[in-house]
Chemist: 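Got a structure here, written out as structure tokens. Questions coming.
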Amino acid sequence: MMRTGDPFAMLGGNGPYLVDRADGGLHCIGVLSALDGQWESDYRVRIRGLSVRTPVDDLHDEIRAVGAAQGHVRAVRVLRKRLPVLSPARALAYVRGLLVGDAPPDLVAVAVEQLVEPVDPVLAVRTIRPGRALTPRTRPTT
């Protein structure tokens, strides 16, 4: 369109492209995702392998703080308020695991299912040409 001035010569529906400067990979970002920036977290997690905070991380922080300050019972109440699908026994197991280290993976999976919205495939980043494998020396930190 820029050259001809004719809107019918315009490419429609093609989103912007992203070339990963760390590994040289070529990725297509959908038009809708590019407009509101939702592609960024999908790209960081799925393509780059970086971690992004989720509502489950916030829940874990809250449970640890309540458990340390007010005890197991209050932490279980907070957890059941946020995740009512957990029985009292499962919520107690979740809290106990979280306060001594890591929560049981099967219970964390329930939390992820309930609290984390899945990525809409329309908004996901599509890899056209993968980049070369990142070594610990070349892996980005952000």
Side-chain angles (χ1 to χ4, degrees), residues 1-3 6-142:
M1 177 172 161
M2 293 293 283
R3 293 183 187 166
D6 181 10
F8 292 106
M10 181 172 66
L11 291 174
N14 293 328
Y17 292 93
L18 170 77
V19 177
D20 190 324
R21 68 179 171 184
D23 68 4
L26 178 63
H27 310 279
C28 180
I29 300 168
V31 175
L32 295 175
S33 185
L35 290 175
D36 63 11
Q38 291 186 18
W39 65 273
E40 292 181 39
S41 62
D42 175 53
Y43 174 75
R44 286 188 176 119
V45 171
R46 214 170 35 79
I47 309 291
R48 282 299 228 7
L50 301 174
S51 63
V52 174
R53 283 191 64 85
T54 66
V56 176
D57 297 318
D58 297 336
L59 173 67
H60 288 180
D61 291 346
E62 181 181 4
I63 296 300
R64 285 183 180 115
V66 170
Q70 300 174 12
H72 284 60
V73 174
R74 182 68 184 137
V76 169
R77 285 186 188 144
V78 170
L79 178 61
R80 293 223 41 232
K81 188 173 186 177
R82 298 274 302 274
L83 295 173
V85 298
L86 292 178
S87 68
R90 292 181 76 192
L92 182 59
Y94 197 123
V95 167
R96 282 184 178 159
L98 202 55
L99 294 180
V100 298
D102 290 328
D106 60 321
L107 298 178
V108 173
V110 171
V112 169
E113 179 183 319
Q114 295 292 315
L115 299 175
V116 178
E117 292 183 35
V119 174
D120 184 346
V122 172
L123 302 176
V125 176
R126 186 172 49 92
T127 299
I128 297 170
R129 183 181 53 113
R132 64 183 181 277
L134 295 175
T135 63
R137 194 187 94 222
T138 60
R139 182 170 294 279
T141 57
T142 59

Chemist: Do you know the tightest heavy-atom contact between Ala75 and Ile63?
Modeler: O-CD1, 3.5 Å
Chemist: Can you name the nearest heavy-atom pair linking Ala91 to Val76, along with the distance?
Modeler: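 It is CB-CG1, 3.9 Å.
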Chemist: Sort and list the pairs that fulfil salt bridge (charged side-chain N to carboxylate O under 4.0 Å, His left out) and have at least one residue in residues 91-107, not counting sequence neighbours.
Modeler: none
Chemist: Checking Arg21 now: which residues fulfil salt bridge (Lys or Arg N to Asp or Glu O under 4.0 Å) with it, not counting sequence neighbours?
Modeler: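 For Arg21 there are no salt bridge (Lys or Arg N to Asp or Glu O under 4.0 Å) partners, ignoring immediate neighbours.
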Chemist: State, with a plain yes or no, whether a side-chain heavy atom of Arg90 is found less than 4.5 Å away from one of Val85.
Modeler: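 No, every pair of side-chain atoms sits at 4.5 Å or beyond.
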Chemist: For Pro104 and Ala93, which heavy atoms make the closest approach, and how far apart are they?
Modeler: CD-O, 3.9 Å
Chemist: According to side chain to side chain donor-acceptor pair (under 3.5 Å), does anything in residues 70-85 pair up with another residue at least two apart or in another chain? List the pairs.
Modeler: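 Found Glu62-Arg82, Gln70-Arg74.
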Chemist: Does the side chain of Val116 come within less than 4.5 Å of Val56's, by heavy atoms?
Modeler: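 Heavy-atom side-chain distance check passes, below 4.5 Å.
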Chemist: Please identify each residue that fulfils side-chain contact (heavy atoms from CB on, under 4.5 Å) with Asp58, with sequence neighbours left out.
Modeler: Arg53
Chemist: Give the minimum heavy-atom separation between His27 and Asp20, together with the two atoms involved.
Modeler: NE2-CB, 4.3 Å
Chemist: State which residues pass salt bridge (Lys or Arg N to Asp or Glu O under 4.0 Å) with Glu40; sequence neighbours excluded, sorted by chain then number.
Modeler: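 Once residues adjacent in sequence are excluded, the partners of Glu40 under the salt bridge (Lys or Arg N to Asp or Glu O under 4.0 Å) criterion are Arg44.
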Chemist: Applying side-chain contact (heavy atoms from CB on, under 4.5 Å), name anything that partners Leu83, two or more places apart in sequence or on another chain.
Modeler: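 side-chain contact (heavy atoms from CB on, under 4.5 Å) check on Leu83 returns Leu59, Leu79, Leu86, Ala111, Gln114, Leu115.
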